[in-house]
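Convention: sequence-line order gives letters A, B, ...; per-chain numbering from 1. Owing to the predicted nature of the structure, the values given are computational and were not obtained by experimental measurement.
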There are 2 protein chains.
Amino acid sequence: MSKAEAREGKKEGNASAEKILQAAKELFAERGFAAVSVRDISERAGVNKALLFYYFDTKAGLLHRILEQYYQAHAAALAPPASEGSTRVRMHALVTSYLDFMEDHHPYLQIVQHELQSNTEGLSMLRSGMRLLFTRVEELLGPITSDGHLHVRQFYISFAGLVITYFNYAPVLDVIWEGDPLSASNRRERRQHLHWMVDRILDGLQTCNPDQDIG
Amino acid sequence: MSKAEAREGKKEGNASAEKILQAAKELFAERGFAAVSVRDISERAGVNKALLFYYFDTKAGLLHRILEQYYQAHAAALAPPASEGSTRVRMHALVTSYLDFMEDHHPYLQIVQHELQSNTEGLSMLRSGMRLLFTRVEELLGPITSDGHLHVRQFYISFAGLVITYFNYAPVLDVIWEGDPLSASNRRERRQHLHWMVDRILDGLQTCNPDQDIG
DNA sequence: GTCTATAGCGAGATAGAC
DNA sequence: GTCTATCTCGCTATAGAC
């Protein structure tokens, strides 16, 4: 256990540390880890530059702490197993909770995307987060999918892509969309489209499994 | 017109310049623009560091040149309008050519993803590339889509997401997939899945438009 | 806990010989 | 065109006063 971790354990919730975390989340999401300097973070947080090293040891340690928080939040958001209702109802609920999380934790996706390109150790945490979400999808769709191109892993990455890409490309979608793609009405429209997509995919799986009642 | 651009016009295809471009493409894709130094690039290219500035003026100019090349290649790959065959046949052809391009230009997606997070001027080029692809989808699906959550722009970003996400998340998919997600057999399986998805979505649109024959 | 001051290094970029 | 040498700057990180 490093000195900084020990301090965090005792001083969790310290005002300055929280301000640093918040500023770093924003900046890492805006520009990516490597393009942000410690000076940038401390200035936005309104604290002294040296405090960052006092609380987090290194700049990389700060990123590590942020990712840890997000992964925990993501795991918690996926916790409810949604064990009642038809496969169709539960699948819609899963997509809804995934969308909710993305809307509530906007910097998360951007930081993850950045990590995906830089082959750092942060990827191992991302892997375990992925396994958790995959397990949820597997519980739901495992019984009605088969092998090969209709394997449940294919549906998993497809659903994830459908949800994620809209937020990921939001900065350049204003050319095609009217107004801000992240406005309330546009986000609602996107949600409706995704639920329509879920229904069409489940319709296709129902045809493949006439004996099972998907809902 | 800068001095470096004038030189490129005259010396297009120069061996050292090409080696620099190739090395930079790889490194930007691996680590992102900000995390790569000019020294890294020159060392991988096997040329002197100062040559990079001789050919491209600045490090940012080098990125600009790489993006320009990729966007041109992307536009060229999407050029064939695919004017014959049913809507269904043409939609499958479009997805196939999109997949072909992604497989042949692997660093492209990674660099674009990085640009998406750093709000640089490179986004304007990405926007025009998007408009081009959107126009293709609009030609095909415009007549059979409606307003709101079944607007053609929703299908555009959904199809893009289905194609892109698999490559984007490839570095961490090895936990769920057996072996390398980018192996020939796994890429083929993904392709089959995507074409199945296209068919299910078109089936859904056919139901919405019983008067039109989608194919 | 928070600050000032600064060490030490590697970055991007330039000058000029060849 | 390609090289060596070098400039300047901003970066991460530390030392130590308060």
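In this structure, A:Asp57 atom CG and D:dA13 atom C1' are separated by 11 Å, rounded to whole Å. When rounded to the nearest whole Å, the span between OH of A:Tyr54 and P of D:dG16 equals 17 Å. Going from atom CG of A:Leu52 over to atom P of C:dC3 covers 13 Å, rounded to whole Å. Atom-to-atom, OH of A:Tyr55 to C1' of D:dA13 comes out at 18 Å; the value is rounded to the nearest Å. Taking atom CZ on A:Phe53 and atom C1' on C:dA5, their separation rounds to 14 Å, with Å as the unit. The separation between B:Leu27 atom CG and C:dG12 atom P is 12 Å, rounded to whole Å. We find that CZ of B:Phe56 is positioned 15 Å from C1' of D:dT2, with the value rounded to whole Å. Atom CG of A:Leu51 is separated from atom C1' of C:dT4 by 12 Å (rounded to the nearest Å).
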Can you give me the N/O atom pairs linking the protein to nucleotides 4-11 of chain D at distances under 3.5 Å, or say none if there are none?
residue, atom, partner, partner atom, Å
D:dT4, OP2, B:Asn48, ND2, 3.2

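Using a 4.5 Å cut-off on side-chain heavy atoms (C-beta onward), A:Met197 and B:Ser158 make contact.
Taken over five-pair windows at either terminus, the axes of the helix from C:dG1-D:dC18 to C:dC18-D:dG1 are inclined to one another by 0° (rounded to 10 degrees).
A:Asp40 pairs in a salt bridge (Lys or Arg N to Asp or Glu O under 4.0 Å) with only one of the listed residues (A:Lys49, A:Lys59, A:Arg31), which is A:Arg31.
Side chains of A:Asp100 and A:Ser97: no donor on one and acceptor on the other come within 3.5 Å. A donor atom on one side chain and an acceptor atom on the other are not found under 3.5 Å apart for B:Tyr54 and B:Asn48. Checked by atom type, the side-chain pair B:Thr145/B:His151 shows no donor-acceptor distance below 3.5 Å. Under 3.5 Å, the side chains of A:Tyr70 and A:His105 contain no donor-acceptor pair of N or O atoms.
Which of D:dT2, C:dT2, C:dA13 sits closest to the side chain of A:Ser16 comes down to C:dT2.
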query: Could you walk me through whether B:Gln22 and B:Glu18 pass the side chain to side chain donor-acceptor pair (under 3.5 Å) check?
result: CA-CA 6 Å; B:Gln22 184 54 38; B:Glu18 287 303 316; over 6 Å; no
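In terms of the salt bridge (charged side-chain N to carboxylate O under 4.0 Å, His left out) criterion, residue partners of B:Asp199 (sequence neighbours excluded) are, by chain and number, B:Arg88.
For the pair B:Arg44 (side chain) and B:Ala23 (backbone), a donor-acceptor distance under 3.5 Å is absent.
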